[in-house]
Amino acid sequence: MKTTLSHFQIDNILISALKEDINSEDYSTNAIFTDGQLAKVELIAKEDGILAGLDVFKRVFSLYDDQISFNIPTYLEDGYAFSKGEVLLEVVGNIRSLLSCERVALNFMQRMSGVATLTKAYVEALNDPKIKVFDTRKTTPNLRLFEKYAVRVGGGYNHRYNLSDGILLKDNHIDAVGSVKGAVEKAKAYAPFVKLIEIEVESLDEVKEAVEAGADIIMLDNMDVDLIKQATELIGDQAVIEVSGNVSLNNIANYRGLNIDYISSGSLTHNYRSIDLSMKNLTYLD
C-alpha cells in the first residue's frame, strides 16, 4: 500500500534541488517576461506511463511561489495510467515562477513515474498475486524516499529502507564469520529481538544451514528455477522465502507459481527510464 510523502520528509530535498537550478536568479526567464504576468501551462504526457509524484510536482512550485494553483481532474492521482498526448493538468500563476520551476518539478515526476511504470510492468509480467515484487537499496543517492514511494505506486513493495531498518547477512558477512550458521548466531546475539534476520544463500547446503540456524527470511540468490524448487521444499514454512539476483522483466514470469513469498530486483530503482512529460502551451491570462 502506498502512503503519501509528507512535506517534513521532502521539503529540504526539493528546496536543495531548486537552489541547485537557481543559485541567484533565472536570467533567461527574467530577461523576457515581466514579473507579475499571469499565465497557465499544460502538463502533457509524451508517452504512455504510470503517474507518480503528483504531490511532489505541486510542492516544488508551491515552495517557490505559494500563489501558484493547479487545475487537476478529480480522477488524476498517483497510480493513474496515462496515454501519450494526454493533457494531465494545468499549472496557473506568475509566468516567471512557472518557467523557473518547470525543470525541477518535471525532473522529480519524470523519474518517479519511470520507477512506477517499470514496477507495474514487473508486477504484470509476474502475474502471481501470491508473490510480492520488492525493491532494494540500489537507489539514487538522496532520492531513495521518492524512488521507493514510486515502487509502491507501481504495485510493488519496499524492502528495508536502509541499513538500520533490518538485518540482511550477505556473502561478505558470511565469509567473515566462516559459515551461514555462525553469521545467523552472531546476528541473533547482537541485534534487538524485534529485528528479523535475513540471510543470503547460494546453495542447498547453505539453505539447510539457514533453516537449522533459525533465520527468519532466507534469500535464494542467483538460483535457477529447479534449484529454487528444491530449496523451497527444504525450507517449507520454517522461514519467509525471497528470490533475488538477475531477475529481469524478461525472465520474471519464470518464477510464477513457485512457493516463494517475494522477489526483489534492484532494476526497479537503478535501471528505470524516465517517462517523457512536458510543460507546453503557455498561455497568458487576463
Is [X] reaching over with its side chain to a backbone N or O of [Y], donor-acceptor style, under 3.5 angstrom?
X: Arg256; Y: Ala125; answer: yes
X: Thr117; Y: Ile50; answer: yes
X: Arg96; Y: Asn30; answer: yes
X: Asp216; Y: Ile197; answer: yes
X: Thr283; Y: Asn281; answer: yes
X: Arg144; Y: Tyr161; answer: yes
X: Asp128; Y: Gly257; answer: yes
X: Gln67; Y: Asn94; answer: no
X: Asp261; Y: Ile217; answer: no

| said: Set out, in order, the CA-CA distance, both residues' side-chain angles and the distance that settles side chain to side chain contact (heavy atoms under 4.5 Å, CB included) for Leu54 and Met109, then state yes or no. | reply: CA-CA 7 Å; Leu54 178 58; Met109 181 179 272; 4.1 Å; yes
| field | Crowding at CG, Asp175 (>12 non-hydrogen neighbours, <6.0 Å) | value | yes
| message | I'd like to know whether CG of Asn142 has more than 12 heavy-atom contacts from other residues, nucleotides or ligands below 6.0 angstrom. | response | no
[atom2] on [Y] to [atom1] on [X], rounded to 0.5 Å:
X: Thr136; Y: Arg160; atom1: OG1; atom2: CZ; value: 9.5 Å
X: Ser100; Y: Leu18; atom1: OG; atom2: CG; value: 9.5 Å
X: Glu206; Y: Met223; atom1: CD; atom2: CE; value: 7.5 Å
X: Leu63; Y: Ile68; atom1: CG; atom2: CD1; value: 10.5 Å
X: Tyr64; Y: Leu98; atom1: OH; atom2: CG; value: 10.5 Å
X: Asp135; Y: Lys148; atom1: CG; atom2: NZ; value: 3.0 Å

| query | Do we see a donor-acceptor contact under 3.5 Å between the side chains of Tyr80 and Glu86? | reply | yes
| said: Distance alone, cut at 3.5 Å: any donor-acceptor contact between the side chains of Thr269 and Thr139? | reply: no
| Can you name the residues that form a side-chain hydrogen bond (donor to acceptor under 3.5 Å, both in side chains) with Thr232, not counting sequence neighbours? | none
| Stepwise side chain to side chain contact (heavy atoms under 4.5 Å, CB included) test for Asp65 and Phe61 | CA-CA 6 Å; Asp65 182 347; Phe61 287 98; over 6 Å; no
Taking the side chain as everything from C-beta on, heavy atoms only, tell me whether [X] gets closer than 4.5 Å to [Y].
X: Val123; Y: Lys120; result: no
X: Glu200; Y: Asp171; result: yes
X: Tyr284; Y: Ile95; result: yes
X: Asn71; Y: Val92; result: yes
X: Phe57; Y: Leu89; result: yes
X: Leu258; Y: Lys229; result: yes
X: Val56; Y: Tyr149; result: no
X: Phe70; Y: Ser62; result: yes

| Going hydrophobic residue to hydrophobic residue with side-chain gaps under 4.5 angstrom, can you get from Ile260 over to Tyr157? | no
| field | Lys58 vs Ile72, side chain to side chain contact (heavy atoms under 4.5 Å, CB included): CA-CA, chis, key distance, verdict | value | CA-CA 11 Å; Lys58 292 165 55 182; Ile72 303 175; 3.7 Å; yes
Taking all non-hydrogen atoms of both residues into account, name the closest pair between [X] and [Y] and its distance.
X: Asp78; Y: Val153; result: C-CG1, 3.9 Å
X: Leu282; Y: Ala39; result: CD1-CB, 4.1 Å
X: Val115; Y: Leu268; result: CG1-O, 3.6 Å

| With Leu220, the side chain to side chain contact (heavy atoms under 4.5 Å, CB included) member among Leu227, Ile235, Leu204, Ile263 | Ile235
| message | side chain to side chain contact (heavy atoms under 4.5 Å, CB included) for Leu163 and Arg137? Distances and angles first, verdict last. | response | CA-CA 9 Å; Leu163 291 173; Arg137 286 170 37 250; 3.5 Å; yes
| task | Using a strict cut-off of less than 4.0 Å between a Lys/Arg side-chain nitrogen and an Asp/Glu carboxylate oxygen, indicate whether Glu209 and Lys181 qualify as a salt bridge. | result | no
| request: Kindly state each residue pair satisfying ring pair (Phe, Tyr, Trp, His ring centres under 6.0 Å) with at least one member in residues 237-272, sequence neighbours excluded. | output: Phe134-Tyr262
